K.L.:
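Please see the structure below; I have some questions.
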Amino acid sequence: DFLLGYTYSKSIDQGSNLGEQLNPLNTRATRAISAFDMRHNFIASYRVSLPFDRIFARSNRLTDGWSVSGTTRFSTGFPVTLYDDSDNSLLGTLGNGLNNSLLDTPEYNGAPLNISMNPRHGRPEFNTSAFSTEALGQLGNSRRRFFYGPGISNFDLTLTKSLRITESKSFEFRLEAFNAFNPAQFYGAASVDGEVNDPHFGEIVSAEAPRL
């Protein structure tokens with residue numbers, strides 16, 4: 001048994017939370033992909049009965065009732081949100097500490113981003129020298145979000161043995177593993193530091209849980 005699902009989507013807005021900077025004179029200047037935009041999302045769920053009774057040419061309590069099931073997901077990452085905590089724009093875009101951060105946008109010089117999704121080499125996820133603090137009294141020209149962070153490739157698996165006791169009663173033994181193959185999952189809306197004045201700007205700073 002299997003169930004496959006694939007979604008292709010794109011979400012655009014002028015602000016994904018209460019504190020994101022909006023230019024009231026030109027709303028298109030703050031139009032960008034949403035913080036929760038996920039372009040590609042593929043999920044498969046499945047269950048396979050293991051034919052030990054056929055392999056060993058006998059059917060008994062030891063060979064019957066084995067199966068493997070699981071969920072596999074391949075998804076692209078969330079966009080990297082770029083912001084600047086200097087308030088050089090003088091718009092007073094200061095976060096309230098609850099729903100948002102300091103959300104001026106930085107200046108982008110147009111240099112190649114050189115995006116890399118693997119933080120193991122110790123380099124930032126993108127070319128941080130392409131961004132700088134905006135000039136005093138000016139809005140930064142960078143869009144809030146226009147490229148993506150790391151995605152996810154995850155396998156959750158279950159090995160099951162059903163043992164019939166009577167016609168109406170049985171035991172089920174289960175071995176479950178979440179993130180079964182244990183690759184590091186550098187995934188999430190806040191996995192990449194997008195604050196231009198932070199010492200970790202551009203670095204992948206968080207990961208999902210390891211195998212459980």
Side-chain angles (χ1 to χ4, degrees), residues 1-13 16-17 33-81 113-126 145-194 200 202-212:
D1 303 317
F2 61 91
L3 178 67
L4 307 178
Y6 168 74
T7 303
Y8 173 81
S9 63
K10 184 176 183 181
S11 177
I12 301 173
D13 58 36
S16 294
N17 66 51
I33 51 179
S34 303
F36 48 83
D37 180 63
M38 181 182 291
R39 191 61 52 87
H40 304 279
N41 188 27
F42 170 80
I43 299 178
S45 58
Y46 40 85
R47 179 182 179 276
V48 179
S49 297
L50 301 178
F52 290 144
D53 55 342
R54 298 182 184 178
I55 294 173
F56 296 105
R58 64 178 61 185
S59 179
N60 54 39
R61 289 188 177 185
L62 183 62
T63 60
D64 291 347
W66 291 92
S67 66
V68 172
S69 59
T71 302
T72 297
R73 181 180 182 186
F74 301 109
S75 300
T76 50
F78 290 110
V80 176
T81 298
L113 293 175
N114 300 326
I115 293 175
S116 172
M117 299 296 187
N118 184 2
R120 295 177 179 87
H121 49 46
R123 296 193 299 271
E125 196 247 1
F126 56 89
R145 288 174 284 271
F146 64 100
F147 59 92
Y148 293 79
I152 190 171
S153 56
N154 183 68
F155 292 81
D156 298 332
L157 297 174
T158 301
L159 175 65
T160 304
K161 171 67 172 83
S162 180
L163 180 62
R164 177 73 63 183
I165 304 301
T166 67
E167 185 176 352
S168 61
K169 297 178 178 62
S170 63
F171 282 115
E172 184 177 81
F173 301 92
R174 300 171 64 90
L175 175 64
E176 299 182 333
F178 300 91
N179 191 13
F181 302 117
N182 205 34
Q185 306 282 359
F186 304 108
Y187 168 79
S191 64
V192 180
D193 188 340
H200 299 291
E203 295 180 8
I204 297 176
V205 294
S206 65
E208 295 297 295
R211 177 172 50 224
L212 174 63

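In this text, all values refer to a predicted model and were calculated from it rather than measured experimentally.
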K.L.:
With a 4.5 Å limit on heavy-atom distance, are the side chains of Arg39 and Tyr8 in contact?
P.N.:
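The answer is yes, as the side chains (C-beta and beyond) meet within the 4.5 Å cut-off.
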K.L.:
Could you grab the distance from atom OG of Ser16 to atom CG of Asp37, nearest 0.5 Å is fine?
P.N.:
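That separation rounds to 9.0 Å.
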K.L.:
So Leu62 and Phe52, do their side chains get closer than 4.5 Å, heavy atoms only?
P.N.:
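No. Closest side-chain heavy atoms not under 4.5 Å.
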K.L.:
Indicate the ring-plane relationship of His40 and Tyr6, choosing parallel, tilted or perpendicular according to the 30° and 60° boundaries.
P.N.:
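The arrangement is parallel - the two ring planes meet at less than 30°.
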K.L.:
Would you mind reporting whether Ile115 and Phe147 have side-chain heavy atoms less than 4.5 Å apart?
P.N.:
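The answer is yes, as the side chains (C-beta and beyond) meet within the 4.5 Å cut-off.
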K.L.:
Quick one: side-chain contact (heavy atoms from CB on, under 4.5 Å) partners of Asn179, sequence neighbours excluded?
P.N.:
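With sequence neighbours excluded, Asn179 shows a side-chain contact (heavy atoms from CB on, under 4.5 Å) to Asn154, Asn182, Pro183, Gln185, given in chain and number order.
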K.L.:
Report the residue from Val48, Thr158, Leu157, Leu159 that forms a side chain to side chain contact (heavy atoms under 4.5 Å, CB included) with Ser69.
P.N.:
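One option only clears the test, and that one is Thr158.
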K.L.:
Quick check: does any side chain N or O of Arg211 sit under 3.5 Å from a backbone N or O of Ala180, one acting as donor and the other as acceptor?
P.N.:
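Yes; at least one donor-acceptor contact below 3.5 Å.
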K.L.:
My understanding is that only residues two or more places apart in sequence, or in another chain, count here; which of them pass side-chain hydrogen bond (donor to acceptor under 3.5 Å, both in side chains) with Glu176?
P.N.:
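side-chain hydrogen bond (donor to acceptor under 3.5 Å, both in side chains) list for Glu176, sorted by chain: Arg174.
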K.L.:
Are the side chains of Arg145 and Asp13 in touch, meaning some heavy atoms are under 4.5 Å apart?
P.N.:
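Touching, per the 4.5 Å side-chain cut-off.
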K.L.:
If I compare all heavy atoms of Ala207 with all of Phe186, which pair ends up nearest, and what's the gap?
P.N.:
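Of all heavy-atom pairs spanning Ala207 and Phe186, the closest is CB-CD2, 3.9 Å.
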K.L.:
Do Asp156 and Thr71 meet the criterion of a side-chain donor-acceptor pair at a distance under 3.5 Å?
P.N.:
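Asp156 vs Thr71: no donor-acceptor pair found between side chains.
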K.L.:
Got a second to check how far Phe126's CZ is from Ser116's OG, nearest 0.5 Å?
P.N.:
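One finds 12.0 Å between CZ of Phe126 and OG of Ser116.
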K.L.:
The test is side-chain contact (heavy atoms from CB on, under 4.5 Å); show your working for Arg54 and Thr63 and say whether it passes.
P.N.:
CA-CA 9 Å; Arg54 298 182 184 178; Thr63 60; over 6 Å; no
K.L.:
If we ignore angles and hydrogens, is there a donor and acceptor under 3.5 Å between the side chains of Arg47 and Thr160?
P.N.:
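Their side chains do not contain a donor-acceptor pair, so the 3.5 Å distance test is not met.
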K.L.:
Please tell me whether Phe74 and Phe155 form a close aromatic pair, meaning their ring centres lie under 6.0 Å apart.
P.N.:
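That pair passes the under 6.0 Å test.
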K.L.:
Enter the distance from Ile43:CD1 to Leu3:CG here, rounded to the nearest 0.5 Å.
P.N.:
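Those atoms lie 9.5 Å apart.
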K.L.:
Would you say the side-chain atoms of Lys161 pair up with the backbone N or O of Asp64, donor to acceptor, closer than 3.5 Å?
P.N.:
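It does hold such a pair.
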K.L.:
What distance do Ser49 atom OG and Trp66 atom CH2 have between them, rounded to the nearest 0.5 Å?
P.N.:
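That separation rounds to 13.0 Å.
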K.L.:
Quick one, Thr72 and Tyr46 - any side-chain contact, counting heavy atoms below 4.5 Å?
P.N.:
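Thr72 reaches Tyr46 side chain to side chain.
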K.L.:
Mind checking whether Glu125 and Glu203 have side chains closer than 4.5 Å, heavy atoms only?
P.N.:
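A side-chain contact under 4.5 Å is absent here.
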K.L.:
Just wondering, do Phe78 and Val192 contact through their side chains at under 4.5 Å, heavy atoms?
P.N.:
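The answer is no, as the side chains (C-beta and beyond) never meet within the 4.5 Å cut-off.
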